[in-house]
Every structure is written in structure tokens, then in C-alpha cells.
> 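Could you have a look at this structure, given as C-alpha cells, before my questions?
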Amino acid sequence: MPILVPRTKKMKDPDHAESSWLKQAHQVTNQSDDREVVIECSTVELIRSEDLTELIRLQSKLRQQGRTLVLDNVQEHLWQVFAVTRLDR
């Protein structure tokens, strides 16, 4: 059963918007042993390099545990970035 990580539409501080959902993803991941972690990305418009690094770390951690990170409803322009960083696999 997948874990759905809810997202808020917009944060007041754009420098911390992405970090907030990544922190939530890490917390949910640590609290559960579900095979899939699904992050709903439909409202993610921008992603910082620090956030990409955290996503890669999260994906690596999950793979070591035999689990999968699923990025759902990713906007096309971000999907291209995820493909370059191999987060699409």
C-alpha cells in the first residue's frame, strides 16, 4: 500500500516550500515500512538543487531498504530534470 505525502498548494516563503514537503516525505518514510512511497508533485512548480539532492538521498535510502520512491503527477518541465538526475527510474 503506497504512502501518500500530501502537499500544500503554496507556501509563503518560496525558499522553504520544497524543503517542507521533503521533510514530510522523510518523516512518513521513517514512520512506515510500506513498499512504495508516493510523493504527489502536481503543485511543485520549482525545485532547488538542494531539494534534488534530498530526493536522490531519499530514493537511495528507500532502494537500500528494498522500497520504491514514486513521484506522481510531475509537471513536464520538472520531469525533464528528474530524468537527467535519474529520479525517473
> With rounding to the nearest 0.5 Å, note down the distance linking CG in Asp51 to CD1 in Ile56.
11.0 Å
> Sequence neighbours left out, what pairs pass salt bridge (charged side-chain N to carboxylate O under 4.0 Å, His left out) with at least one residue falling in residues 56-65?
Glu54-Arg57
> Output yes when a side-chain donor or acceptor of Thr85 lies under 3.5 Å from a complementary backbone atom of Phe82, and no otherwise.
yes
> Report the distance from atom CG of Asn30 to atom CG of Leu58, rounding to the nearest 0.5 Å.
9.0 Å
> Quick one: side chain to side chain contact (heavy atoms under 4.5 Å, CB included) partners of Val81, sequence neighbours excluded?
Leu52
> Pick one: which of Thr29, Asn73, Leu69 meets side chain to side chain contact (heavy atoms under 4.5 Å, CB included) with Ile39?
Leu69
> May I ask you to decide if Ser42's main-chain N or O and Gln75's side chain share a donor-acceptor pair within less than 3.5 Å?
yes
> Residues in side chain to side chain contact (heavy atoms under 4.5 Å, CB included) with Glu50, at least two apart?
Arg48
> Can you list everything that forms a side chain to side chain donor-acceptor pair (under 3.5 Å) with Gln65? Sequence neighbours excluded, please.
Arg67
> Counting C-beta onward and ignoring hydrogens, is there a side-chain heavy-atom pair between Leu78 and Leu71 closer than 4.5 Å?
no
